[in-house]
Amino acid sequence: MYLIGMLAFVAGCSSTQTPVSKTVQNKITNQDVSSALRQVRSSQSYVLQPGDLVDIQVYMEDNMNRVLRLSGNGNITFPLVGNIKLSGLTLEQAEHRLAARLTAYIKHPQVSMLVKEYGNKTVYVLGQVAKPAAIQIPPEKPLTVLEAITSVGGFTDIANTSKVRVLRVENGKQKTIDVDVTQITKQGNKNMDIPLQPGDVVFVPQSMF
């Protein structure tokens, strides 16, 4: 699974210099990213997208539990209810929609969902940002590092904005790109605001006081 592979990558990765990167002295640990990813995965505010893999549990109905991937139309096929659209809904809304459909067959169904794997157009913005989240790259234009951070509410007061790190798997190889966002926001160096690729993890560390 991608998330597990990324965690293993973070644990042993070293910084890769690029024309738009700057050497980072403090290390991002496996525990840092693991904790942040767990927070995102448990978030009820995430909106389901086509390609997401969801773990669906129905209380006291173990034979109905399924791990299913949303189709390109955002649908799943579930026992008893058949085809049902979940994309565009938060996890809580999706749970309620499926439970409502199941009431014709099960008395007071209780449904819980967890995103096990995000769709191919997803990037993760973690660490010292207002609302760590998995977000979608829009189909019409690239999504840059600064835009991704802005979309989740920006930095916290203790964020180290000069040592933002992009974790990426590219052509089967693991790499890290270090981005000094202060160079973008305060000095207008837009070349450092690199476009993100599906599966990227943007991690904002805490400032060292």
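When reading the values below, keep in mind they use all heavy atoms of this one structure, side chains included, and skip hydrogens, waters and symmetry mates.
No side-chain heavy atom of Asp55 sits under 4.5 Å from any side-chain heavy atom of Leu68. Annotation: side chain of Tyr105 is in contact with side chain of Val81 (closest heavy-atom distance under 4.5 Å).
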| task | Go through the steps for Val115 and Leu53 under the test side-chain contact (heavy atoms from CB on, under 4.5 Å), then give the verdict. | result | CA-CA 6 Å; Val115 180; Leu53 187 70; over 6 Å; no

| message | Between Val125 and Ile149, is the side-chain contact (heavy atoms from CB on, under 4.5 Å) condition met? List the steps. | response | CA-CA 7 Å; Val125 188; Ile149 293 170; 4.2 Å; yes

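Thr161 places no side-chain N or O within donor-acceptor distance of the main-chain N or O of Thr182, the cut-off being under 3.5 Å. Looking at Gln93, its side chain does come within 3.5 Å of a backbone N or O of Thr90 through a donor-acceptor pair. Looking at Asn65, its side chain does come within 3.5 Å of a backbone N or O of Val58 through a donor-acceptor pair. The closest donor-acceptor contact from the side chain of Arg69 to the backbone of Gly51 lies under 3.5 Å. Between the side chain of Arg97 and the backbone N or O of Lys85, at least one donor-acceptor pair lies under 3.5 Å. No side-chain donor-acceptor contact under 3.5 Å links Asp193 to the backbone of Thr144.
Looking at residues two or more places apart in sequence or on another chain, you find no salt bridge (charged side-chain N to carboxylate O under 4.0 Å, His left out) involving Arg66.
Judged by distance alone, the side chains of Gln136 and Thr122 do bring a donor and an acceptor atom under 3.5 Å apart.
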Report, one line per pair, each donor and acceptor closer than 3.5 Å where one atom sits in a side chain of residues 72-79; sequence neighbours left out.
none

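Across Ala159 and Gln128, no two heavy atoms sit closer than the pair CB-O, 3.5 Å. Looking at every heavy atom in both residues, Arg101 comes nearest to Asn83 through NH2-O, 3.2 Å. Closest approach of Asp178 and Arg165 over heavy atoms only: OD1-NE, 2.8 Å.
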